Amino acid sequence: MLDIKFIREHPELVKDGIRKKGAEDNIDEVIKLDAQRRDLLQRVEVLKNKRNVVSEEIGKLKRDKKDASVSIAQMDEVKIQIKSLDDQIAENEKNLNQLLLTIPNIPHPSVPGGRMPVDNQEIAKWGEPPVIDFKPKPHWEIAQELDIIDFERGVKITGAGFPLYKGKGAQLQRALINFFLDEALKRGYKEVQPPLMVNAESATGTGQLPDKEDLMYVATKDDLYLVPTAEVPVTNIHRNEILKEDQLPIKYCAYTPCFRREAGSYGKDVRGLNRLHQFDKVELVKFVHPGLSYNELEGLREDAELLLQKLSLHYHTLLMCAGDMGFTQSKKYDLEVWSIGQQRWLEVSSISIFEAFQSRRMNIRFRPRGEGKPEFVHTLNGSGLALPRVVAAILEHYQTPEGKVIVPKVLHKYTGFEVIG
RNA sequence: GGAGAGGUGUCUGAGUGGUUGAAAGAGCCGGUCUCGAAAACCGGUGUGCUCUUUAUGGGUAUCCAGGGUUCGAAUCCCUGCCUCUCCGCCA
């Protein structure tokens, strides 16, 4: 969430930022509640001070075996007033907090305006589409012919969007996961294996709750949520902690399955591996010093891009416009890999900075060296990478006229085979 | 699943209704000493909110969380969460 003091002092700036994201702003209501809250606080604190002072006097009287009944009687009214004001404050803070949790992060000045995909800026392009003299097939045809991904049986077992990987398909997945993790380790990330279910507090911390609950699978009996991304459990590792400045930056990588309900799409968008309810991903998460966070964003983008480069896949990098960013982000890059079989770009990584938006929700701070109050860290994360569309791109990019698939060289030591089919 | 014990500051750990924001020790910061370091000694050292004449300022809250009793709660009561020990079950 945003800093209430910042909202109080820069209401127009915040309203403008929210508008750029295409969201509705209720800043006036926030400011009204905030003013009300501070007024109530002042009034109750005067009374509480009186209570403390008089109680101490009563204590002294009792110790001296003197009569304290006058002072005690005097507190009756004060007690009632405190109770009443405390109730009002609790109500006010509940409303204010609910409101603050639904206010999106505002975009960084370097983020382009606009709401539509065409407003995203292509800032880099790497590699070339493969040169082939036959008609490339989409990955779902290749996968079916090679019998490495079984969509039908996935439907039988669970439902649409839950593919069954088989044989070299399963092995390719495992190879990619290991490759991604190893590369992250080389780049200084520490590997973690987080829980795959999280509680409501964690989901609120990263911004999935309160109002994006429909994106997640919920175990209602235990009030737990299946992780939609490792971002949620990994960023929550340091919830309610004060870190030492020397510890920063903290860099984690984690492989997890991801579960997303994502209702609504159809047709070519959800064909094959394009959009799934369960998929694998290696996620990179950073906790950094606020002064360095935008440099760290570029570093994170490079970490992710390097993976596509090593796989020799053609991709481009987009700087996302304000309206195409999520609720929590202040700046975001997307990496899209070229799908030659579908003749379209597929998003395989999303690299974002949240500034203190998440850390304020989660209360993650660091203590500056020497003197100084704790400050909120900045959090970032990026996919490094999401598997299914990378698999799709590999199958299509490396297909041969005979219907086989050449495994990218960098994966050989992980797969143990060089050709599928 | 059954029985018991317990959750105090960065850590260890006192404290069972009235100068307790909280003893003591450790750690950390500053200083003295030293060529320097260690040791020793001296001083300081939580966090949130809020007010103002923004200051080595005032108030308030905070001893797992949420309620309650009381003039007054770390201390008493209730609920929840978590940890530990024993038994049972188990990959």
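Each chain gets a letter, A, B and so on, in the order its sequence line appears, and its residues count up from 1. These numbers were taken from a predicted model, which means no experiment stands behind them.
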Atom [atom1], compared across [N] and [M]: separation rounded to whole Å:
| N | M | atom1 | value |
| --- | --- | --- | --- |
| B:A74 | B:G21 | P | 8 Å |
| B:A22 | B:C63 | P | 14 Å |
| B:G80 | B:A24 | C1' | 33 Å |
| B:G2 | B:A61 | C1' | 41 Å |
| B:G48 | B:U34 | C1' | 43 Å |
| B:C76 | B:G15 | C1' | 16 Å |
| B:G58 | B:G67 | C1' | 31 Å |

* To do: Look at all strands and tell whether A:Arg8 reaches a base, only sugar-phosphate, or nothing, counting heavy atoms closer than 4.0 Å.
  => sugar-phosphate

* Asked: Which is true for A:Lys244 with a 4.0 Å heavy-atom rule: it touches a base, it touches only sugar-phosphate, or it touches nothing?
  -> nothing

* What distance do A:Ser352 atom OG and A:Met320 atom CE have between them, rounded to the nearest 0.5 Å? -> 9.0 Å

* To do: Please check if any side-chain donor atom of A:Thr256 sits under 3.5 Å from a side-chain acceptor atom of A:Glu283, or the reverse.
  => no

* Is there a donor-acceptor contact under 3.5 Å linking the side chains of A:Asp87 and A:Ser84? -> no

Counting only Watson-Crick pairs (N1-N3 plus N6-O4 or O6-N4) and G-U wobbles (N1-O2, O6-N3), all under 3.5 Å, who is the partner of [N]?
| N | value |
| --- | --- |
| B:U45 | B:G27 |
| B:U34 | none |
| B:C86 | B:G2 |
| B:U54 | none |

* **salt_bridge(A:Lys32, A:Asp28) N-O dist < 4.0 Å** => no

* Structure fact -> Among the nucleotides B:C71, B:U50, B:U60, whichever has the atom closest to the side chain of A:Lys48 is B:U60

* Roughly how many Å is it from CZ in A:Phe366 to P in B:C28, rounded to a whole number? -> 21 Å

